[in-house]
Amino acid sequence: MILPDKTTSMAEAIARIPDGATIMLGGFGVPGTAFAMIRELVRQGQKGLTIIKNDANEQGMGVDHLLANGQVRKLIVTHIGLNPRAVSMFNDGRIEVEFCAQGILAERVRAGGAGLKGILTDIAMETEIGAGKPRVVVNGETVMLETALRADVALLHADRADPFGNLTFTATARNFNPLMAMAADRVIAEAENIVPLGELPPDQVHTPGPFVDHVVPLTEISEEYQVVRR
Amino acid sequence: MILPDKTTSMAEAIARIPDGATIMLGGFGVPGTAFAMIRELVRQGQKGLTIIKNDANEQGMGVDHLLANGQVRKLIVTHIGLNPRAVSMFNDGRIEVEFCAQGILAERVRAGGAGLKGILTDIAMETEIGAGKPRVVVNGETVMLETALRADVALLHADRADPFGNLTFTATARNFNPLMAMAADRVIAEAENIVPLGELPPDQVHTPGPFVDHVVPLTEISEEYQVVRR
Amino acid sequence: MSAADRPDAKTRMLARAAREIAPGMVVNLGIGLPQQVVNRLASDFPVCLHTENGLTGIGPVQPHAKADRNLIDAGGAYVSTIPGSAFFDSATSFALVRSGRLDLTMLGAFEVAQNGDLANWKIPGKFSPGAGGGIELAQKAARVVVLSTHTDRAGNPKLLDRCTLPLTARACVNRIFTDLAVIDVTPQGFALVELADGTTVNEVQEATGAPLTLPQDIPTF
Amino acid sequence: MSAADRPDAKTRMLARAAREIAPGMVVNLGIGLPQQVVNRLASDFPVCLHTENGLTGIGPVQPHAKADRNLIDAGGAYVSTIPGSAFFDSATSFALVRSGRLDLTMLGAFEVAQNGDLANWKIPGKFSPGAGGGIELAQKAARVVVLSTHTDRAGNPKLLDRCTLPLTARACVNRIFTDLAVIDVTPQGFALVELADGTTVNEVQEATGAPLTLPQDIPTF
């Protein structure tokens, strides 16, 4: 038995995304954001997108290009404070924004990836974020139902990938990537390094290949991936 | 800043377990079962234990010693078919057994470890396992509530550990170990190899040290860890 | 090939079941008969085998002398890795199953009903070891096929009008491979697809506890 | 030490807050003032710093030339590892927070109420960036302390009878460090614990929007 090759060109992989798609994007700030695939999404111009991501990057980077190009209908995020364009588009009603507590966003995505329907939590119950969400009693305690999230597509940024789609992430670039890898119908991973099958030690794989549909080799690392001056 | 040393002798670590404790035990069959700590638990003789584990091992191994010694009140498991003693004690009413679907046991443990109150699933709803469990409607679909599981103590078997409690597991010995590492008030890991702080690459740690309370070095690998003849 | 040289029905059933696996699939082979299908796959066949105790990319079973004490499949066999294998925890393993990444599972059965209900984990009063990972495999694999003898040891049908034993999952089985036939579960009930060479339609119908619909042509295996 | 040589109140507040960290703790330092506490910890002090984007064992902030583009803390600073660091995903990171493994978090505040309610993420109509990981830190850390100026830029109290802004979490704050005082949240409301050197009880009470209970002795910092 051998494992199949899922290497795909970036243009071809991104072309599978239709208008109106819901897209999960890994990344927390710069690390782990699939900047190159976002650029390709801007080039192809799919409209009406719902983006599920920790944050909206900063102005001039990543998700901001999609916002500037009018491709985004809705953001499901934990924080957009570093992107004034996202804040002002939200304030002006040009995009819809759904805020989640960060760890609950992670769990909702993971629940979708684990084939669960939802999770029960006491987080943010007594805040604006929890207002209006259904209550459920568990062992006598009233807690809140958060629904599982799934997406049409997940766009991941990996450090290393083999052709079957086994992935490893590096340092704090891991963040939401392995969770989103489980939670989308089509999972596309760009990778800084493509290594031969068998080079990733099986104990060290962060995302097992069966979750991944397309492996996209990065031919160069763009400026957005570099150290940001602040 | 430096990270504290959590190395503890086996006798001392196991002595923290009181009668009547709920104990999570990693392992799926032989791999990942903390045989040495189970032996110590038999030696110390704590009674009335609730054991949460994938299976009841085989006769003459692991959990079977606890059963033979009359220390177990209840098993929460997915399968006990390889241990005739467990089956007969269950049939005779000498122990209580709660069966879970395997992946749902994993998720209930993980939910406890993630500070969630429960999960919502459609698994096993229409089987005996699902009979009587509460139903919840999510987006118009009726699904089942499974409560989170936590334990007083988790006993893990790691391949490598550093003194701060960062752990790696090997091959299929990983199974329930990293999930249970998150889900108990006191987490004790026996390790085949204790390595100096800094020797485990941060990207390759399976269980981060903050989840672990005690690291117990194994001085020898007992027969139970060896290849079993079938 | 003369009758004497012909492989027995079980061997032909395993070979036929192996053809159910399409290139590129992710497949879980249940304990027992299904696990024997792996020996019918060519060494260069592109398929990813999954075992629920935490491995994708199962490699060949190892002899005792070469076995790794930490590397087993869910049935306890000492297996191995292949280039591209990955290990993971039990939660991730079933995330793969429940989120639709498992293309096919092959399972054993005590009973299969004509609506696809499966019973394979409990015989009240006799056998109640727990279902392990079977419920999720049956309920969530994209395609569920059963490998089983057509009748039990006493000669009673295992393919029934409706199951009498506690269910593993409802309406989950797509296809059944037995020593007598290949049978599909359809909205109209059991449909005969293929016959074991040397078996007649009447023999299959008599060994089956529910009506069979018949195709125009009946290939043999 | 003459008044001219004395470090300013903010510097002393940070040094005092650093003493809140006991050996062996797992600690999350929020964005802003709290992150500056790290510079007050001795290099051999046994503590594990956690950042919610996926790291335990945070090491020193790196200069631009030595920064790793993939290694930041939740505030975006280029940090480093120390022996025993571990990286993990966002779900595991908050599992650690929610399951009780975080001994202490230090957070900034817009408002703290005398019952421990905290508001630090939203000013309706002016500032609504989302709470990030702040809600879980405030709600689930075993101990929550706030580091803040005692009053806002306009001189209005930030310690109040009750919060006027949307809450981050209810009844979560245990202790507050300001440039004027250390104040505990008790069942009886705010309790003065320590005074900044050179500040009077009256000054603190006037800058506080709820009554203070006073100790017998009032140490200074």
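At a 4.5 Å heavy-atom cutoff, the contact between A:Ala184 and chain C is made by backbone atoms alone. Both the backbone and the side chain of A:Asp203 have a heavy atom closer than 4.5 Å to some heavy atom of chain C. For A:Val195, no part lies near chain C; criterion is any non-hydrogen pair under 4.5 Å. In this structure, no portion of C:Leu102 lies under 4.5 Å from any heavy atom of chain A. Contacts between C:Leu96 and chain A at a heavy-atom distance below 4.5 Å involve backbone atoms as well as side-chain atoms. For A:Asp185, the part lying under 4.5 angstrom from a heavy atom of chain C is the backbone only. When heavy atoms are compared at a cutoff of 4.5 Å, C:Val47 approaches chain A by way of both its backbone and its side chain. Interface remark: C:Ser85 contributes backbone and side-chain atoms alike to the contact with chain A (heavy atom separation under 4.5 Å).
Side chains of C:Asp73 and C:Asn53: a donor-acceptor N/O pair is absent below 3.5 angstrom, by distance only. For the residue pair C:His50 and C:Ser93, a side-chain donor N or O sits within less than 3.5 Å of a side-chain acceptor on the partner.
When each of C:Lys140, C:Arg101, C:Arg98 is scored by its heavy-atom pairs under 4.5 Å with chain A, the top score falls to C:Arg101. When each of C:Val97, C:Thr81, C:Thr92, C:Val26 is checked for heavy-atom pairs under 4.5 Å with chain A, C:Thr92 comes out on top. Contact count versus chain C (heavy atoms, under 4.5 Å) is highest, among A:Leu197, A:Thr207, A:Val205, for A:Leu197. Put simply, of C:Phe45, C:Phe94, C:Phe88, the one with the most heavy-atom pairs under 4.5 Å next to chain A is C:Phe45.
A salt bridge does not link A:Arg186 to A:Asp152: none of the charged nitrogens lies less than 4.0 Å from a carboxylate oxygen.
Screening A:Val77, A:Leu149, A:Leu179 for a side chain to side chain contact (heavy atoms under 4.5 Å, CB included) with A:Leu105, the sole residue that qualifies is A:Leu149.
A centroid separation of less than 6.0 Å is found between the aromatic rings of A:Tyr225 and A:His157.
Both tests pass for A:Lys6 against the ring of A:Phe164: distance under 6.0 Å to the centre and angle within 45° of the axis.
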Stepwise, does the side-chain contact (heavy atoms from CB on, under 4.5 Å) test hold for C:Arg16 with C:Arg12? CA-CA 6 Å; C:Arg16 175 61 190 85; C:Arg12 285 178 288 135; over 6 Å; no
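Here the closest non-hydrogen pair linking C:Cys48 and C:Gly57 is SG-N, 3.6 Å.
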